[in-house]
Every structure is written in C-alpha cells, then in structure tokens.
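Everything on this sheet refers to the single structure shown next.
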Amino acid sequence: MTRPPPPRARWFRPAPAMRPVAAALPTALLLLLPLPPGTSGGPWAAWMPPAVAGLSGTCVAVPCRFGYPEELRPATVHGLWYFGSPYPKNYPPVVARSRAGAVHESFTGRARLVGDPGVRDCSLLLGPLSPELAGKYYFRGDLGGYNQYSFSEHTTLEVLEEPVLEVPPELVAGEEVEIRCRVPDNCPQLQPRVRWEGTAELPEASERELREDAAGAGTVLALLRFRPRREDGGRRLACRVAFANSTLAFEAAVALDVQYEPRVLEVSGPGEAVEGTQVDLGCEAEGRPPPLLSWFRGVTVLREEPVSTSLRLVLPRVEPDDAGTYSCVAENRHGRHNRSLQLHVAYAPRSPVLNGSLWVVAGDPVTVTCGAASHPAPIVTVTRGRRVVAAAVYEPQVTMTLAAARPEDAGEYLCRAENQHGESSLPFNLTVEFPPILLPDSRCTPGGDGARCVCSASAIPEPAVTFDLPSRNVTVTEGHRDYTVTTPGQGTGGVVTVTGILTLRGTLDPRLAVLCSAHNPHGSVRQQLRFHHPGGLVWAKVGPVGAVVAFAIVIALVCYLSQSRRKKATGSPEVTPVPPPPGQGGDPDPELRPLQARWLRGAVGRWALGVGEGPAAPPEPAPPPKPARGPPEEPPEYAEIRVK
C-alpha cells in the first residue's frame with residue numbers, strides 16, 4: 001500500500017532569499033561528525049543528529065556522513081532522502097536527490113541535498129520550514145546496480161512556532177531561580193538574536209547567553225536569573241528572537257506563578273459578646289498554592305477547610321467557657337502563618353465563693369475573702385444588715401478583715417457581687433467562740449420557805465453551769481434533785497445561753513453564800529450571787545398590809561424622838577399633831593421638808609425592793625433648823641414631823 005505524501009504547506013512565513021549553498025556543509029561542521037565504520041571498510045552505516053529543530057520560516061541544515069564497504073569501489077555514488085520511511089516499497093515521499101529526479105511536491109524548492117555523496121557527505125538543507133515538514137528523515141545511498149542501501153539512522157525534525165521557555169516547576173518567593181529561553185540555531189543563513197522583556201523591575205536580575213551543540217544540532221541558550229517576590233506573581237516575562245537582515249521575529253512569554261508561604265490577611269469578629277448570643281468569626285488569607293485554613297482555640301481544631309482563602313467560624317450560643325484566644329492558621333508547603341483575636345464573654349456574676357475561716361475564737365484575727373466570677377469584673381461588697389463592712393470596685397474579690405474578733409462580731413453577713421449584667425449574693429454566718437459571760441439576771445430571790453437562785457451564762461460553745469455552796473462544802477451540778485437547767489437555744493451568731501436554777505429549801509442561814517460558775521473549753525467565770533439575809537427580807541415577809549403598819553409605827557417613833565430632843569433643848573417639849581397636807585386642812589413647816597423627804601425615799605426604796613444587805617441603816621441626824629426663806633414649798637403627800 002502506497003503511503004500518501006505529506007500535505008502541502010498551507011502557509012509560509014515570508015523569508016529572505018537564501019544564498020546558494022555550497023555542495024557541502026562548512027568543513028568545520030563536518031569535522032564534528034565522527035567517521036562511520038564504512039569509511040574504513042566496515043559495513044553500511046550513517047551518522048546524523050538524531051533530532052534537529054528550527055523556527056517556522058527559517059531553515060535547518062542536517063549534517064550527515066555515511067559509509068559503505070570499501071571493497072565495492074563504486075564509480076559514482078548518489079543518494080536521496082526519504083520522509084517518514086526508509087523503505088522504497090512503502091513509497092515514502094522523496095525529499096531531495098543528489099541527481100536530477102522527481103521529489104515530492106511538498107519539498108519542491110524547500111529541500112536540497114547539499115552534501116557530496118561521492119565523499120560520503122549526505123548533508124541536507126530544509127527551508128523555509130513549516131509545521132508539515134516536521135517528521136523523520138532517512139538517507140538512502142545508491143552506489144549503482146544492486147548496491148543501494150537505506151540507513152536506519154534518521155533525523156527527527158521539530159518545527160517550532162516560538163522559542164522554548166524552560167521555567168522551573170516552582171518559583172518560590174525569595175529563592176533564586178533561572179529561566180531559560182532555548183532558540184534553535186541550525187540555519188547557516190540566519191543568526192538569532194535573543195533579548196528579554198519585562199525584567200526591568202525584577203530584583204537582582206542578570207542575563208547571559210551561551211551556545212549548545214548536541215550531536216550536531218545547535219541551540220542558543222539565553223539565561224535569566226533573578227529572585228522573585230510575592231508581588232511578582234503574574235508578571236509577564238518574554239523572550240524575543242529576531243534575525244539580522246530578516247523580518248522574522250518570534251516571542252515566547254510566561255506569566256510568573258510565584259509561590260509563597262501563606263499569610264493571614266485579616267481575622268474579624270467581636271472582641272466581646274454577651275452570654276447566650278451568637279458569634280461569627282471570619283478569616284481571610286492568601287498563599288500559593290492556596291493554603292489549608294484552620295480555626296484553633298488553644299491546640300483544639302474547631303474547623304478547617306483545605307485550599308481556601310476564607311473560613312468562617314460560628315459559635316451559636318457563647319458561654320463563659322467560650323472566652324479565650326481564637327487563632328486562624330494558614331498553611332501550605334512553603335510555610336505557616338496565623339493571626340489571633342481575644343474573645344471575652346460578658347456575663348452576670350456567678351454565685352460568690354468564700355475563702356477563710358468562719359469559726360474563730362474571740363481575740364483572734366479574722367480574714368474572709370469573698371469572690372465571684374463575672375465579666376466585666378463586679379463590685380463586691382460584704383454587708384452586715386445595712387452596714388457595709390468591706391467593698392471592692394471592679395475587682396474579682398473582696399477581703400473582710402477583723403484585727404481581733406469580738407462576740408458581737410458574730411452573726412449573719414451578706415456577700416454580694418453585681419455588674420451591669422446582673423447580680424448574685426451569698427449569706428454567711430461568722431461564729432466567734434468565747435468563754436462564758438454571766439448575765440445580769442443571775443441572782444437569788446427569796447420566796448416562801450427558802451429561796452430560788454438563778455445562774456445564767458452565755459458562751460460559744462455551750463457552757464456548763466454549776467452552783468457552789470462553800471459554807472456547806474457542796475457543788476450542785478446537773479442531775480441534783482434541786483437543780484434544773486434550761487437551754488433556750490442559739491441566739492444571734494450562734495451564742496448559747498444556759499440557765500441553771502437552784503432551789504434552796506428551809507430556813508436560810510445568814511452566813512449562806514451561793515457561787516455561780518460557768519465554763520467551756522475557752523475559759524470559766526465565777527461570781528457570788530447576792531443572797532439577802534432574813535433581816536433584810538422583812539418587807540418581803542410581812543407583805544403589803546404589814547408594810548403599811550410598820551411604816552406608820554416608824555413615823556410615830558421618829559416623831560416621838562424629835563419631840564423629846566426639842567423638849568430637852570427648850571425645857572418645855574410638846575408634841576403637836578401633824579396638820580393634814582394641803583387640801584386636807586394643813587400647811588407643813590418647810591424647814592423639815594428635806595429631812596422628811598430624804599428619809600422617806602430611803603424607807604420607801606427599801607420597802608419596794610423587799611431586799612437588803614443587812615439591817616437597815618440608822619436615819620441620818622436631823623440638820624439644825626434654818627430660818628424660812630421665801631414662800632413655803634408644796635407639801636408632800638405623806639405626814640410630816642414638826643418640832644416646836
């Protein structure tokens with residue numbers, strides 16, 4: 001089956017007229033080719049570059065050498081080039097011949113065998129190039145008769161529309177890179193000139209140019225070295241190729257894809273939120289490649305999103321425990337960056353917490369700290385009743401200090417914390433332990449046949465109350481048949497009052513003494529109760545009627561003694577009945593009013609109390625009479641003694 005010829009070129013770049021090419025390539029180029037084995041009597045062999053490239057519209061010279069067995073000694077040697085296949089039976093298109101003959105129309109005027117097969121030179125010149133000329137080219141030697149040979153060695157032609165830019169797979173910001181512009185240089189008539197565009201603002205940019213020859217194929221290599229920045233991403237760099245004495249021009253451009261470590265541009269969200277409300281936190285970042293974004297609280301990942309430049313975090317109902325530092329972290333293979341924000345959760349004070357001893361001994365110092373968690377910090381007060389004992393403004397706690405506790409410091413206190421979001425309080429009791437204190441109602445009271453003695457004591461902890469009778473060498477405690485004890489209960493501040501009652505029966509000994517004692521772990525107290533002897537209890541024994549009769553007798557006796565003294569002084573004593581008080585037909589002498597009033601107050605007082613510390617004291621001596629001055633005073637409501 002005959003292979004169809006390659007399609008005819010549809011267009012060609014305008015090219016300058018090529019100068020006639022010598023029958024052979026320049027000697028310098030051919031010297032680069034090693035001699036094939038056939039040149040020294042070896043087998044059939046050929047050498048040519050395995051690949052050659054050229055820009056569309058330019059030309060390509062393919063250097064070629066071949067050899068054949070020396071014993072053949074041909075008179076003439078010819079050769080031709082095939083396109084696509086080395087075997088004539090496949091009817092490959094003929095590219096060029098060393099002698100006159102038909103060639104494929106696609107190569108007419110565009111291909112010449114410029115080498116001299118007679119000297120084993122099979123060099124080929126192609127141009128102007130177009131894409132349809134790209135492919136494999138094979139050489140066939142013709143030594144006459146049956147001595148024809150198609151070499152398997154071949155050259156692959158690549159037709160380029162622009163120079164080849166070699167850009168590293170990654171351009172990392174801050175790291176030096178090198179970009180190469182590769183321009184084929186295989187056309188003897190056209191010498192390429194290469195320059196870079198877009199490098200004016202590149203930092204530390206440097207250029208250089210060199211030539212490479214790889215197995216006979218030439219290349220001009222333009223190198224650009226620089227250190228890209230983050231802002232150089234997207235920058236357009238171009239390699240432009242022009243030829244002297246030609247309108248041909250080529251350009252290859254690239255937009256720089258500069259990769260760089262990520263950067264968190266912004267974190268958004270409120271700095272403070274009220275308990276129970278929703279909070280939205282946002283994060284914006286950049287990076288090449290796009291980073292992995294994550295929201296952290298401490299070391300805990302709350303949310304993450306790969307290959308993203310923004311990430312939102314929603315807290316539906318914030319609690320005080322949600323307060324803290326939230327960090328947005330952006331990470332790719334080039335680095336890591338983060339930004340944080342502090343979230344405060346405002347809430348009403350929680351129940352206050354006490355720290356300190358609420359049970360102390362009298363005289364010891366007291367330090368009680370009361371604190372409450374809240375945001376913002378609360379106003380904390382400690383009150384007793386309506387009195388503020390301690391206060392702290394916008395502090396988490398307050399300390400109540402007493403240098404020395406007293407029993408009266410015991411009682412209920414209130415710790416209160418408040419801010420603009422609410423308040424909370426906690427009552428507490430301060431207990432002050434102290435030794436017993438005897439109460440004023442501790443006394444002995446006569447009654448009937450005997451007496452009743454009361455001993456009351458208050459203390460913390462509860463005191464024990466006893467009675468001592470030294471004259472009888474007896475101590476009466478709880479359990480005695482004449483002893484009863486009552487404990488009404490705890491009073492303010494936990495004070496316990498214990499009352500012991502001792503019943504004395506029978507006739508009371510005037511020398512009898514009763515001692516009241518109370519003690520607890522902190523101390524003891526002892527006191528003698530005042531015991532009224534029988535002589536001092538006369539008013540209590542005779543009763544109200546007897547008291548009136550006794551009072552009248554005393555008044556008569558005083559009047560009698562006064563008259564006797566007056567008679568002895570004047571020689572003619574006389575007792576005159578006392579006129580009645582005003583309103584009853586009498587006006588007493590004002591000179592005796594002070595004496596009568598003083599004595600009467602003492603007597604009435606003793607009668608009203610019904611008790612005494614012994615026999616009644618003798619009346620005070622009457623003062624000498626004084627002349628009356630001024631109008632007489634109002635008469636008393638009782639009888640008066642007058643001395644004439």
Please assess Phe226 against Val177 for the test side chain to side chain contact (heavy atoms under 4.5 Å, CB included), listing each intermediate value before the final yes or no.
CA-CA 6 Å; Phe226 63 97; Val177 296; 3.7 Å; yes
Walk me through it: do Val388 and Val382 pass the test side chain to side chain contact (heavy atoms under 4.5 Å, CB included)?
CA-CA 6 Å; Val388 177; Val382 176; over 6 Å; no
Output, in order, the C-alpha distance, side-chain angles, deciding distance and verdict of disulfide bond (SG atoms under 2.5 Å apart) for Cys239 and Cys181.
CA-CA 6 Å; Cys239 171; Cys181 180; 1.8 Å; yes
Working note: Gln259 + His334, criterion side-chain hydrogen bond (donor to acceptor under 3.5 Å, both in side chains); need CA distance, chi angles, decisive distance, verdict.
CA-CA 8 Å; Gln259 298 192 0; His334 301 298; 2.7 Å; yes
If you apply the rule salt bridge (charged side-chain N to carboxylate O under 4.0 Å, His left out), what do you find for Arg236 with Glu251, and how did you get there?
CA-CA 12 Å; Arg236 184 178 183 274; Glu251 179 182 283; 2.6 Å; yes
Go through it in stages, so that I can follow the logic: the residues are Glu204 and Arg225, the test is salt bridge (charged side-chain N to carboxylate O under 4.0 Å, His left out), and I'd like the CA-CA distance, side-chain angles, deciding distance and then a yes or no.
CA-CA 8 Å; Glu204 304 179 23; Arg225 187 180 295 271; over 6 Å; no
Go through the steps to decide whether Tyr394 and Ile379 satisfy the test side chain to side chain contact (heavy atoms under 4.5 Å, CB included), and finish with yes or no.
CA-CA 5 Å; Tyr394 304 135; Ile379 298 175; 4.2 Å; yes
Side chain to side chain contact (heavy atoms under 4.5 Å, CB included) between Arg208 and Glu178, intermediate numbers included:
CA-CA 11 Å; Arg208 66 190 183 99; Glu178 184 179 78; 4.3 Å; yes
Under the side-chain hydrogen bond (donor to acceptor under 3.5 Å, both in side chains) criterion, do Thr219 and Glu212 qualify, and how do the steps go?
CA-CA 5 Å; Thr219 301; Glu212 289 183 347; 5.4 Å; no
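A salt bridge is absent between Glu412 and Arg384; no separation between the charged side-chain nitrogens and carboxylate oxygens falls under 4.0 Å. Using a 4.0 Å cut-off between a side-chain N of Lys or Arg and a carboxylate O of Asp or Glu, Arg350 and Glu275 qualify as a salt bridge. Comment: Glu175 does not engage Arg227 in a salt bridge, judged by the lack of any side-chain N to carboxylate O separation of less than 4.0 angstrom. Electrostatic pairing of Arg235 and Glu201 counts as a salt bridge here, judged by a charged N lying under 4.0 Å from a carboxylate O. Taking 4.0 Å as the cut-off between side-chain N and carboxylate O, Arg333 and Glu170 count as a salt-bridged pair. Ion pairing between a basic and an acidic side chain is recognised when a charged N comes within 4.0 Å of a carboxylate O; Glu261 and Arg336 show no such pairing.
With rounding to the nearest 0.5 Å, the separation of OG in Ser357 from CG in Asp364 is 9.0 Å. Considering CG of Leu438 and SG of Cys516, their distance stands at 4.5 Å, rounded to 0.5 Å. Note: His337 NE2 to Arg263 CZ = 8.0 Å, rounded to the nearest 0.5 Å. To the nearest 0.5 Å, atom CG of residue Asn419 and atom OG of residue Ser374 are 4.5 Å apart. Between Tyr260 atom OH and Arg229 atom CZ the span is 13.5 Å, to the nearest 0.5 Å. Between the CD atom in Glu284 and the OG1 atom in Thr309 there is a gap of 6.5 Å [rounded to 0.5 Å].
No side-chain heavy atom of Trp196 sits less than 4.5 Å from a side-chain heavy atom of Leu223. Put simply, the side chain of Ile179 reaches to within 4.5 Å of the side chain of Leu165, judged on heavy atoms. You'll find the side chain of Val498 stays beyond 4.5 Å of the side chain of Thr486, heavy atoms only. For the pair Val301 and Trp295, the minimum side-chain heavy-atom distance is 4.5 Å or more. Contact annotation: the side chain of Val368 approaches that of Leu358 to within less than 4.5 Å [non-hydrogen atoms, C-beta and beyond]. You'll find the side chain of Leu315 reaches within 4.5 Å of the side chain of Leu343, heavy atoms only. Looking only at side-chain heavy atoms (C-beta outward), Glu266 and Val264 stay at 4.5 Å or farther from each other. By the 4.5 Å heavy-atom criterion applied to side chains, Glu395 and Val380 are not counted as neighbours.
Using modelled atom types and a 3.5 Å distance limit, the side chains of Ser424 and Ser351 yield no donor-acceptor pair. Side-chain atoms of Thr475 and Asp468 form a donor-acceptor pair, as typed in the model, at a separation below 3.5 Å. For the residue pair His375 and Glu272, a side-chain donor N or O sits within less than 3.5 Å of a side-chain acceptor on the partner.
For the residue pair Arg452 and Ile501, the shortest heavy atom distance occurs at NH2-CD1, 3.2 Å. Leu256 and Leu237 make their closest contact through CD2-CD1, 3.8 Å (heavy atoms, listed as atom of the first residue, atom of the second, distance). Annotation for Ser425 and Leu414: closest pair CB-CD1, 3.9 Å, computed over non-hydrogen atoms. Contact record, Ala372 with Pro352: CB-CA, 4.1 Å, taken as the closest heavy-atom pair. Of all heavy-atom pairs between Gly363 and Ala404, the closest is O-CB, 3.6 Å. In this structure, Leu281 and Gly269 approach most closely via the heavy-atom pair CD2-CA, 3.9 Å.
Annotation for His519: atom NE2 does not count as buried by contact number, only 12 or fewer foreign heavy atoms lying within 6.0 Å. Heavy-atom contacts from other residues, nucleotides or ligands closer than 6.0 Å to CG of Asp441 number more than 12. Heavy-atom contacts from other residues, nucleotides or ligands closer than 6.0 Å to CD of Glu478 number 12 or fewer.
A donor-acceptor distance shorter than 3.5 angstrom exists from the side chain of Thr277 to the backbone of Val274, with no hydrogens or angles considered. Asp482 contributes no side-chain N or O that, together with a main-chain N or O of Leu502, makes up a donor-acceptor pair within less than 3.5 Å. Within the 3.5 Å criterion, the main-chain N or O of Pro470 finds no donor-acceptor partner in the side chain of Asn473. Remark: the backbone N or O of Phe434 is paired with a side-chain donor or acceptor of Asn520 at under 3.5 angstrom. Here the side chain of Asn338 pairs no donor or acceptor atom with the backbone of Cys328 at under 3.5 angstrom. The backbone N or O of Leu439 sits less than 3.5 Å from a side-chain atom of Ser442, completing a donor-acceptor pair.
Checked against Arg180 for a side-chain contact (heavy atoms from CB on, under 4.5 Å), the options Val167, Leu221, Val164 give a single hit: Leu221.
Between Phe467 and Tyr483, the distance from one ring center to the other falls under 6.0 angstrom.
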